[in-house]
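Computation of the quantities below employed the complete heavy-atom set of this structure, encompassing side-chain atoms and omitting hydrogens, waters and symmetry-equivalent molecules.
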Amino acid sequence: MFKQLLPVALSGVLVVPSLVFAEVPPVMPPIVAPLPKPDAAGQKPRATVMLAPYRYDDILWENDRTAHRIYGHALEAAEPPSSSGIDAWGKNVRWPYMDRQLKTGKHTSITGRPGLLRRQHQPGCRRSGLWQDNKLWESRNWRSYEILENGPDVAAFKVDYAPWPVAVDRKVWESRTFSLPLGTNFTRMVSTLKLRQGRAR
């Protein structure tokens, strides 16, 4: 077992623990656009994390500077194969915005409205994988999660991934913890990997 400690520029909103996921398409909430501005209380900066069941169990976390999401197991059935990569956005407002924008269905576009500005999704944005036999063996989406702290000063959560194969005789388990306080552009992520002999199931 080894631990890998990396600072990652991320952001998003996280949420509640859940254990079992039905392979049923989620129902998107009605789209409201343009989004109305929240009241004074809703415009206070805070760090937050949540589960977005309407988005195939994405986990979202954000603070006053940045926003992120990772993909849940339900998305693998809808958009296979998916991955353990992390989406990252910049923000042009200081209050929580990610859940609101994703509900418009325009989570990858830049509009004139306040909210999320940029998106990045690639292996360099912290997708997990091991290199063996001249091939990259990658993990998929998270399988279980736990919200550790949902603001207002820190968004923190933990996710576990199902074991994935490396070559034909090894499998890897991964757990990650994420922590994003107010006032920073960086999520702190600790990834713990366990490598064992035997086929992944």
Side-chain angles (χ1 to χ4, degrees), residues 1-26 49-62 67-88 98 102 107 119-150 154-180 186-201:
M1 183 178 78
F2 62 91
K3 290 189 177 181
Q4 182 181 12
L5 189 59
L6 294 172
V8 181
L10 308 174
S11 72
V13 188
L14 273 220
V15 149
V16 235
S18 71
L19 298 175
V20 182
F21 304 94
E23 302 293 339
V24 208
V49 57
M50 64 175 287
L51 179 75
Y54 61 85
R55 257 294 311 169
Y56 297 98
D57 294 329
D58 285 354
I59 291 180
L60 319 173
W61 71 104
E62 66 183 303
H68 301 274
R69 87 173 157 186
I70 54 176
Y71 300 134
H73 175 53
L75 187 64
E76 290 182 13
E79 299 177 14
S82 201
S83 81
S84 61
I86 298 167
D87 284 345
M98 192 172 187
L102 289 188
H107 51 283
R119 176 178 180 244
Q120 181 175 350
H121 178 211
Q122 55 184 321
C125 202
R126 224 18 223 119
R127 184 186 307 175
S128 293
L130 275 74
W131 190 262
Q132 181 170 313
D133 298 333
N134 294 316
K135 181 178 177 180
L136 182 62
W137 302 82
E138 298 180 84
S139 60
R140 294 305 176 193
N141 299 11
W142 64 267
R143 292 301 176 102
S144 63
Y145 76 103
E146 179 183 0
I147 302 300
L148 305 175
E149 191 170 354
N150 185 17
V154 177
F157 64 102
K158 176 181 182 289
V159 289
D160 294 312
Y161 292 84
W164 74 90
V166 174
V168 296
D169 60 345
R170 295 182 181 180
K171 50 186 174 181
V172 180
W173 286 257
E174 181 181 15
S175 294
R176 296 180 185 176
T177 57
F178 297 81
S179 178
L180 177 67
F186 292 91
T187 290
R188 181 181 180 86
M189 185 184 80
V190 178
S191 177
T192 302
L193 302 176
K194 296 179 181 179
L195 180 65
R196 298 180 186 170
Q197 296 293 122
R199 295 177 180 272
R201 291 196 296 267

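Using a cutoff of 4.0 Å between basic side-chain nitrogens and carboxylate oxygens, Lys158 and Asp160 are scored as salt-bridged.
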task = Tell me, with the steps shown, if Glu76 and Arg140 meet side chain to side chain contact (heavy atoms under 4.5 Å, CB included).
result = CA-CA 8 Å; Glu76 290 182 13; Arg140 294 305 176 193; 3.1 Å; yes
task = Assess whether side chain to side chain contact (heavy atoms under 4.5 Å, CB included) is satisfied between Val159 and Phe178, documenting all intermediate values.
result = CA-CA 9 Å; Val159 289; Phe178 297 81; 3.8 Å; yes
inquiry  = Walk me through whether Asp57 and Tyr71 qualify under side-chain hydrogen bond (donor to acceptor under 3.5 Å, both in side chains).
reply    = CA-CA 7 Å; Asp57 294 329; Tyr71 300 134; over 6 Å; no
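The closest side-chain donor-acceptor pair between Glu174 and Ser191 falls under 3.5 angstrom. No donor-acceptor contact under 3.5 angstrom links the side chains of Tyr161 and Asn141, judged on distance only.
Cation-pi geometry between Arg196 and Trp173 is met: the NZ or CZ atom falls under 6.0 Å from the ring centre, inside 45° of the normal.
Distance check, rounded to the nearest 0.5 Å: NZ of Lys194 to OG of Ser175 gives 7.0 Å. Note that CG of Leu193 and CZ of Arg176 are 8.5 Å apart. Values are rounded to the nearest 0.5 Å. Taking NZ from Lys171 and CG from Leu195, the interatomic distance works out to 11.0 Å, rounded to the nearest 0.5 Å. Atom CG of Leu102 and atom CG of Asp58 lie 7.0 Å apart (nearest 0.5 Å). Residue Glu149 holds its CD atom at 7.5 Å from OG of Ser179, rounded to the nearest 0.5 Å.
For Thr177, there are no side-chain hydrogen bond (donor to acceptor under 3.5 Å, both in side chains) partners, not counting sequence neighbours.
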